[in-house]
Amino acid sequence: MSIFSSLDTAVSGLNAQSQAFSNLSNNISNSQTVGYKATDTAFEDFVTNSASGNSGTLNDGGGSYSDSVAANTIQRNDVQGTITSSTNALALAISGNGFFNVQEASGSSASSSPTFSGQQYYTRNGDFSRDANGYLVNTSGQYLEGYQVGTNGQMGTTLQPLQIQNVAFTPTESTTMTVSGTIGSSTTSGASTQTTATAYSAQGTPQSVGLNWQQSTTNPLDWTVSNSADPTNSTAVTFNSDGTLASVGSESTSGATGSFSFTGSPQDMTVNLGTIGQSSGIALSTTTTSTASDATMTTDSVTSGTFQGLSMQSDGSVMATFNNGLSQLVGKIPLATFANPNGLAPADGQAYTATEASGGPTENAVNTGAAGSLETGSTESSTTDLTGDLTQLIVAQQAYGANSKVVSTADQLMQTTIAMIQ
């Protein structure tokens, strides 16, 4: 190996240690960066071929010299960072192999309808907050994507930046109807009336429901109540002589709730008629011959609420919260996984793009497969090993100094050689 080859080898060592120093410096600088994945430096030996080489010091006895080194940066995207609690209620941390799907705005993001670049990014930075336009944006300015509930109440199937603003409260599904008031008189027979109410479906759609009330022609204390849309869906109601409930269907225990199952159109519900033996609920008048009914019917639906904010759930659900204390689903966050996450191409802001080496993304529901789980109100810390990297920094510094010594020694040898021929 010539002096020039030694010089080239030492220079390659300087370059390799410079790259290692750069990687270590980057790790240390990002030791507090949410979702940052530290990199390692791998060194590899280069062998060059020389036809003139015949020394016994050659690697193969012929002419192949091991005379240079190169440094490769190795990503460690599959290393789990420590999950720490955050004061940000919208922050999310992934425990597993998944990535958040995010996009970046092209140009200014101040518009209420920002234009997105179209480039798909993936990140572990889950420190999200809601901006003035209702988008969920992390500290790197990336917009969280998910499946959003439309105005029809159905979950969308297209991945898109989640924008949640001025959410209208959807009435809750009606499960119970309650009837109260006087249905008729015990001094008449054969009377009939109807009670009506508005019930809401599981999608919050209002629909009219009705009950038909028919008094017996032989005993004024006996009545039949039925579904207005299906007369076969009915039950017997008997009153005491003082107008209180005596029985509903087979229930006649004093203090028990008298109810029957309203089934069929427009939806299944429970009808609460009151308490057996008490005047609460439906009753019969004993002081008038009037057949007029003042009975009213209500449902248990909550129909109004003012949007207050958002909350995140550990299953990836994004919930809108209202001043009535209720929450409603407005979006769902999936997690992307890759066959080789270490093959992702790094981008600004702890983001990555898919490459041929990483393979394409697979969208998974949270808690499915290797995607992992979500911790709410938490963030994933940087995977930088500060102590280890500082130690490696000293090693890189010493190795760099040793290679620089080889360069200066080779320079002295060349100066000596030149002096010999002068």
Can we call the ring centroids of F338 and Y352 under 6.0 Å apart?
-> no
One should read off an interatomic distance between T337 OG1 and F99 CZ, to the nearest 0.5 angstrom, of 9.5 Å
Donor-acceptor pair, side chain of S25 and main chain of F21, under 3.5 angstrom = no
Under 3.5 Å, is there a donor-acceptor pair linking the side chains of D230 and N227?
-> no
Exercise: do N27 and T384 side chains pair donor with acceptor under 3.5 Å = no
Measuring from T39:OG1 to N23:CG, what's the distance to the nearest 0.5 Å?
-> 4.0 Å
E44, CD atom: more than 12 neighbouring heavy atoms under 6.0 Å | yes
Any donor and acceptor pair, going by atom type alone, linking the side chain of Q165 with main-chain N or O of A132 inside 3.5 Å?
-> yes
Look at the side chain of Q148 and the backbone N and O of T158, then say whether any donor-acceptor pair between them is shorter than 3.5 Å.
-> no
Quick one: do the D242 and T244 side chains pair a donor with an acceptor below 3.5 Å?
-> yes
Can you tell me if R130 uses its side chain to pair, donor with acceptor, with the backbone of V137 under 3.5 Å?
-> no
Residue set satisfying side chain to side chain donor-acceptor pair (under 3.5 Å) with D78, at least two apart, ordered chain then number -> N342
Does Q75 use its side chain to pair, donor to acceptor, with the backbone of L344 at less than 3.5 Å?
-> yes
Side chain to side chain donor-acceptor pair (under 3.5 Å) partners for T383, two or more places apart = none
S185 side chain to T187 side chain, donor-acceptor N/O pair below 3.5 angstrom | yes
Please check if the side chain of S259 supplies one atom and the backbone of T270 the other of a donor-acceptor pair under 3.5 Å.
-> no
Criterion ring-ring contact (aromatic ring centres under 6.0 Å, His included) on F100 and F128, from CA distance to verdict = CA-CA 11 Å; F100 296 111; F128 297 106; 5.3 Å; yes
Say whether D268 and T263, considering side chains only, have a donor N or O and an acceptor N or O under 3.5 Å apart.
-> no
Going by the side-chain hydrogen bond (donor to acceptor under 3.5 Å, both in side chains) test, name the single residue among T193, T195, T224 that passes it with W213.
-> T195
Using modelled atom types only, decide if a donor and an acceptor are shared between the side chain of S382 and the backbone of N30 within a distance under 3.5 Å.
-> yes
Side chain to side chain donor-acceptor pair (under 3.5 Å) partners of Q207, counting only residues at least two apart | Q267
No-hydrogen, no-angle side-chain donor-acceptor test under 3.5 Å, T188 and Q215 = yes
Euclidean distance, L14 CG relative to T9 OG1, rounded to 0.5 Å | 11.0 Å
Verify, without hydrogens or angle tests, whether N364 (side chain) and T362 (backbone) share a donor-acceptor contact under 3.5 angstrom.
-> yes
Taking all non-hydrogen atoms of both residues into account, name the closest pair between E380 and V79 and its distance.
-> OE2-O, 4.2 Å
Between G126 and V34, what is the shortest heavy-atom contact and its length?
-> N-CG1, 4.4 Å
Does a side chain donor of either S174 or S301 reach within less than 3.5 Å of an acceptor in the other side chain?
-> yes
By side chain to side chain donor-acceptor pair (under 3.5 Å), which residues pair with E363, not counting sequence neighbours?
-> N101
Residue pair A336 / P361: nearest heavy atoms and the distance that separates them = CB-CB, 4.2 Å
Between S228 and N212, a side-chain donor and acceptor under 3.5 Å | yes
Do T41 and Q19 have side-chain atoms, one donor and one acceptor, less than 3.5 Å apart?
-> no
Under 3.5 Å donor-acceptor, N138 side chain and N125 backbone = yes
Would a 4.5 Å heavy-atom cut-off, applied to side chains only, mark L136 and I333 as touching?
-> no
If you look only at pairs with a residue in residues 332-350, which of them pass as a salt bridge (Lys or Arg N to Asp or Glu O under 4.0 Å), with sequence neighbours excluded?
-> D315-K332
Pairs under 3.5 angstrom only: tabulate donor-acceptor contacts from the side chains of residues 249-258 to other protein residues two or more places apart or in another chain.
unit_1, atom_1, unit_2, atom_2, d
E251, OE2, T253, N, 3.0
E251, OE2, T253, OG1, 3.1

Closest non-hydrogen atom pair, G372 against L335 | O-CD1, 4.0 Å
Return yes if some donor-acceptor pair links the side-chain N/O of Q163 with the main-chain N/O of N133 below 3.5 Å, else return no.
-> yes
Of all heavy-atom pairs between L310 and A320, which one has the smallest distance, and what is that distance?
-> CD2-CA, 4.0 Å
Separation of L211 CG from M177 CE (nearest 0.5 Å) = 4.5 Å
About how many Å separate CD of E104 and CZ of F116, when rounded to the nearest 0.5 Å?
-> 10.5 Å
